[in-house]
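First the structure, in the form of structure tokens, and then the observations on it.
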Amino acid sequence: MRRGLSSGALLLALALAAGLNGVPAKYAEYAKWEIVADKGLPTGGPHAGQQKVVYANPVAAREWKGGKALPLGSIVVKTTGPASAPTLIAVMEKRAEGWYYEEYLPEAGKYVLKFGGPGKQQLCVGCHTGAKAKDYLFTRP
């Protein structure tokens, strides 16, 4: 009986673990930020995955539990999958014009922007409107 990852899956995992190729540097540092949610998160939805972890940069982490809107410059990153090679990296950044969204998925040994990004916010905004009372963040207390 064969165990472990296929050779293709193993190569992808190794390539992704070597860095977050394709993710902008200001978002790629998320693993150094505070974990603000990792227990009791739903496994379904558009960010499907069993292991979800939500990170907040220092600006967002200071205000996370306060219940008020997060300040400008806040960045929140949600990952799914193993910490060493996430299967999804979803980013929200609070800018003067509102929340900005990007979602990266692994492809051919790097992360590729698949949803959100410049001029392509409609899908993300449409969904996150449902969390308006929590500053558009579903994982916020």
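The first residue in the sequence is number 1, and the count goes up from there.
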Can you name the closest pair of heavy atoms from [X] and [Y] and give their distance?
X	Y	answer
L41	T139	CD2-CG2, 3.8 Å
I75	K26	CD1-O, 4.3 Å
M92	Y136	CE-O, 3.5 Å
A69	K94	CB-NZ, 3.6 Å
W99	S74	CZ3-O, 3.9 Å
V125	T129	O-OG1, 2.7 Å

To the nearest 0.5 Å, how far apart are [atom1] in [X] and [atom2] in [Y]?
X	Y	atom1	atom2	result
D38	K52	CG	NZ	13.0 Å
R140	E63	CZ	CD	8.0 Å
E102	Q121	CD	CD	7.5 Å
C127	Y101	SG	OH	8.5 Å
K68	L70	NZ	CG	12.0 Å
T87	Q51	OG1	CD	9.0 Å

Please determine whether residues [X] and [Y] belong to a single hydrophobic cluster, defined as Ile, Leu, Val, Met, Phe, Trp and Tyr linked transitively by side-chain heavy-atom distances below 4.5 Å.
X	Y	answer
L137	V36	yes
L113	V23	yes
Y111	V53	yes
Y55	Y104	yes
L123	L105	yes

Residue that, paired with V54, satisfies side-chain contact (heavy atoms from CB on, under 4.5 Å) out of W64, W33, Y30
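Answer after filtering W64, W33, Y30: W64.
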Determine yes or no for a side-chain-to-main-chain donor-acceptor pair under 3.5 angstrom, with N57 supplying the side chain and G73 the backbone.
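Such a contact is found between N57 side chain and G73 backbone.
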Is any side-chain heavy atom of H128 less than 4.5 Å from a side-chain heavy atom of F138?
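Yes, their side chains come closer than 4.5 Å.
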